Amino acid sequence: MEIAAILLIVVVAVVLFATERVPVDVVALLVLAALLVCGVLTTGEGLVGFGNPATVTVAAMFVLSAGLSQTGALDAVGRALIRHGRGEAWQMALVMGVAAALSPFINNTAVGAVFLPRVVSSAKSRKGAPSKLLIPLSFASQVGGVCTLVGTSTKPVVHAFAEAAVLRGVSVVELA
């Protein structure tokens, strides 16, 4: 019976993820709740991840990134970046340089989200393809994000698992 419950939960979760009728974070919490209600997980097993330092770190990174985006702290940088780009190659170099410089210290997804509307509007105003700037923006923010422990949301999780397995973790800038 437990296996049937798990299979049903997985199928419903996949359908909800695929259709995107319910936000993914809500689906994830619903899956956790269903596993708890069905008795597949004990309360301790279901909630153990919320006490993990990696979970708290990732949550704090998203709060910081959302704060920077919502307050407009990076908007001035984005506007200046687009305004000073003379030609397409120059603008691409500026976008990549700034994205790579910011993403080790701010979640790389947030860097992309902040610059995305400005890059698209700049490309449209120059009658160019947005992909010629968006793809370099994505690559530069990813490369910058892998340089530190806080640049992406997956590295703190891996770091916590390494420490839990009694392996040596990495320092914040050791990856650079």
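Everything quoted here is computed from the prediction, not taken from an experiment.
Nearest heavy atom pair, residue Val22 against residue Val26, reads CG1-CG1, 3.5 Å. In plain terms, the two heavy atoms of Ser131 and Pro136 that are nearest each other are O-CD, 3.8 Å. Heavy-atom minimum distance, Met92 versus Lys132: CE-O, 3.4 Å. The shortest heavy-atom contact between Glu2 and Val40 is CG-CG2, 3.8 Å. Across all non-hydrogen atoms, the minimal contact from Ala99 to Leu137 is CB-CD1, 3.7 Å.
Leu36 contributes atom CG, which lies 8.0 Å from atom OG1 of Thr42 (distance to the nearest 0.5 angstrom). For the atom pair Ile135 CD1 and Met96 CE, the distance stands at 11.0 Å (nearest 0.5 Å). We find the CG-CD1 distance between Leu35 and Ile9 to be 4.5 Å, quoted to the nearest 0.5 Å.
Side-chain atoms of Ser138 do not come within 3.5 Å of backbone N or O of Leu134 as any donor-acceptor pair. Under the 3.5 Å distance criterion, the side-chain polar atoms of Ser141 are left unmatched by any main-chain donor or acceptor of Ser103.
Under the 4.5 Å side-chain heavy-atom criterion for ILVMFWY residues, a single connected hydrophobic cluster contains both Val120 and Val95. Hydrophobic clustering keeps Val143 apart from Val119 (ILVMFWY residues linked when any side-chain heavy atoms are closer than 4.5 Å, directly or through intermediates). Note on Val37 and Val31: separate hydrophobic clusters, where clusters join Ile, Leu, Val, Met, Phe, Trp and Tyr whose side-chain heavy atoms are under 4.5 Å apart, directly or indirectly. Val15 is not connected to Val24 by any chain of hydrophobic side-chain contacts under 4.5 Å among Ile, Leu, Val, Met, Phe, Trp and Tyr, and they are in different clusters. When the side chains of ILVMFWY residues are joined at heavy-atom separations under 4.5 Å, either directly or via intervening members, Leu116 and Phe139 end up in two distinct hydrophobic clusters.
More than 12 heavy atoms of other residues, nucleotides or ligands lie within 6.0 Å of CZ in Phe17, so this atom counts as buried by the packing criterion. Within 6.0 Å of the CD1 atom in Ile3, the count of heavy atoms belonging to other residues, nucleotides or ligands does not exceed 12.
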